[in-house]
Amino acid sequence: MSDKKLIAVIGATGAQGGGIARAILADADGEFALRAVTRNPDSDNAKALAAAGAEVVAADLDDEASLAAAFDGAFGAYCLTNFWEHFSGEKEEAQAGNLARAAKSAGLEHVIWSTFEDTRESIPLDDDRMPTLQGKYKVAHFDAKAVGNQAFTAAGVPTTFLLTSFYWENFIYFAMGPARGEDGVLGVTYPMGDKKLPSIAVEDIGKCAYGLFKTGDKYLGKTVGVVGGEPTGADIAAAFSKALGEEVRYNDVPADVFRSFGFPGADDVGNMFQFKRDFNELYTGNRSIEFSRSLNPELQSLDQWLAANLSRVPIG
Ligand SMILES: NC(=O)c1ccc[n+]([C@@H]2O[C@H](COP(=O)([O-])OP(=O)(O)OC[C@H]3O[C@@H](n4cnc5c(N)ncnc54)[C@H](OP(=O)(O)O)[C@@H]3O)[C@@H](O)[C@H]2O)c1
């Protein structure tokens, strides 16, 4: 155990970080070992990681010194921030800065930063096709992560910038799966027109990230994008129809309508879908299924994910 290279995983108790945590644990004979970072080592998820063989340490993204201590002695780190806990782009930027400076002070040799595009490079703040949010973002949970890129670069941290994709688990946890319309027919509702929605099983983001650590320094300083499939809204409806044995429609709604749905963050998610729809070539071009499969030969398709997870998706 002691001769293994430690990878500190931020968010190891959650969906995305949990994927890479489990990938490291599953490779018991591999060159890496897991240090799970959490605010609460006494949580059930943290205890389960410890029971599975992880070292579990406490740190908070808001506390740079705690992160530096959590990274001390590690080889690398998987770094993410959780916009949906506080809905603040500025806070996400600050947390990225804390991660970057802590990684530098600990002398980490390989950091993977979970990031997204800066949508303002495609749709500037004065472009009124979509509202500006929080005074300085178009898609706050994208743009703030992209600003975070600069913190890692400025600190001189050897970093791979990992563009992730929409999780299929959003069908489970974010009510983005089929719901019954007033006519009783099931439908999925996204403002995506007929464009592709690059998307992935969250577990596969983790497996791809683990694959990146295994490639050594090949992707340091590079931006790479992972994706499991590129279904359109109609394709997602068809996949659910097939899996359920019942008609599922695709409701293509205007982005303004989606933004008005009223759930927390609906404006940010609406802008996100609109960015993916209106800059579809750029967005899909930044992610590659073939590359993702080269990192993770077990990469799932949407049909495979549905076959394994349909019972977890709330329907109706
Ligand atoms: N949903 C999607 O389709 C999608 C796709 C790509 C990227 N993302 C991004 O993924 C992020 C959310 O990650 P997730 O889906 O894994 O969420 P999650 O399942 O809710 O897990 C959040 C994780 O972040 C950790 N965390 C949050 N705040 C922390 C803090 N202050 N200090 C230390 N750890 C903290 C939590 O650890 P503890 O509670 O144990 O401390 C937990 O492990 C968001 O930024 C989102 O934009 C989402």
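Here the structure is a predicted model, which means the values were calculated and not measured. Ligands are counted one by one from 1 in listed order, and the atoms in each one are counted from 1 as well.
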* Of the backbone atoms (N, CA, C, O) and the side-chain heavy atoms from C-beta on, which set of Glu169 has a member under 4.0 Å from an atom of ligand 1: side chain, backbone, both, or neither? -> neither
* Asked: Counting from 1, what ligand 1 atoms have a heavy atom of Lys145 closer than 4.0 Å?
  -> 44 (C), 45 (O), 46 (C), 47 (O)
* **Proximity winner for atom 46 (C) of ligand 1, if only heavy atoms of Tyr173, Phe142, Trp84, Phe83 are counted** => Trp84
* To do: Return the residue, atom name and 0.1 Å-rounded distance of the protein heavy atom closest to atom 21 (O) of ligand 1.
  => Gly14 CA, 3.4 Å
* To do: Using a strict cut-off of 4.0 Å, indicate which atoms of ligand 1 neighbour a heavy atom of Phe166.
  => 3 (O)
* To do: Please check if the distance between the ring centroids of Tyr78 and Phe213 is under 6.0 Å.
  => no
* Asked: Taking heavy atoms and a distance under 4.0 Å, where does Leu61 meet ligand 1: side chain, backbone, both or neither?
  -> both
* Polar side chain donor-acceptor pair, Asp60 to Ser66, under 3.5 angstrom -> no
* Parallel under 30°, tilted from 30 to 60°, perpendicular over 60°: which one fits the rings of Tyr190 and Phe171? -> tilted
* Just wondering, more than 12 heavy atoms not from Glu298 lying within 6.0 Å of its CD? -> no
* **N/O separation below 3.5 Å, Asp62 to ligand 1** => no
* Compute the centroid of each ring, for Trp113 and then for Phe161, and state whether the two points are separated by less than 6.0 Å. => no
* So, is Asn40 polar-close to ligand 1, with some N/O to N/O distance under 3.5 Å? -> no
* Which of the atoms of ligand 1 are close to His141, meaning less than 4.0 Å from one of its heavy atoms? -> 47 (O)
* To do: I would like to know whether Tyr283 and Phe279 meet ring-ring contact (aromatic ring centres under 6.0 Å, His included); could you show each step before the answer?
  => CA-CA 6 Å; Tyr283 188 75; Phe279 302 91; over 10 Å; no
* CD of Glu230: more than 12 outside heavy atoms within 6.0 angstrom? -> yes
* Distance from atom 24 (O) of ligand 1 to nearest protein heavy atom, with residue and atom -> Gly11 CA, 3.8 Å
* What protein heavy atom is closest to atom 5 (C) of ligand 1, reported as residue, atom name and distance in Å? -> Tyr167 CE2, 2.9 Å
* **Lys/Arg N to Asp/Glu carboxylate O, Lys242 vs Asp303, below 4.0 Å** => yes
* **atom 43 (O) of ligand 1 - nearest protein heavy atom and its distance** => Thr13 OG1, 2.7 Å
* To do: Classify the contact between Ala46 and ligand 1 as side chain, backbone, both or neither, using a heavy-atom distance cut-off of under 4.0 Å.
  => neither
* Asp183, CG: over 12 other non-hydrogen atoms inside 6.0 angstrom -> yes
* Where does Asn170 meet ligand 1, judged by heavy-atom distances below 4.0 Å: at the side chain, the backbone, both, or neither? -> side chain
* Taking the six-membered ring for Trp, is the centroid-to-centroid distance between Phe258 and Phe273 below 6.0 Å? -> yes
* Asked: In terms of residue, atom name and distance, what is the protein heavy atom nearest to atom 20 (O) of ligand 1?
  -> Asn82 ND2, 3.6 Å
* Specify side chain, backbone, both or neither for Arg39, according to which of its non-hydrogen atoms lie closer than 4.0 Å to ligand 1. => both
* Structure fact -> Residue, atom and distance of the protein heavy atom nearest atom 19 (O) of ligand 1 read Ala15 N, 2.8 Å
* Is it true that Glu85 and Arg39 make a salt bridge, defined as a side-chain N closer than 4.0 Å to a carboxylate O? -> yes
* So is Ser114 in contact with ligand 1, going by heavy-atom distances below 4.0 Å? -> no
* **Separation between OG1 of Thr159 and CD1 of Ile112, rounded to the nearest 0.5 Å** => 10.0 Å
* With heavy atoms of Phe116 as the reference, note each atom of ligand 1 found under 4.0 Å away. => 6 (C), 7 (C)
* Nearest non-hydrogen protein atom, atom 44 (C) of ligand 1 -> Thr81 O, 3.5 Å
* Asked: Can you check whether Tyr250 and Phe240 have ring centres sitting under 6.0 Å from each other?
  -> no
* Answer yes or no: does an N/O atom from Thr164 fall short of 3.5 Å to an N/O atom of ligand 1? => no
* Structure fact -> Closest to atom 16 (O) of ligand 1 among protein heavy atoms sits Gln16 N, 2.8 Å
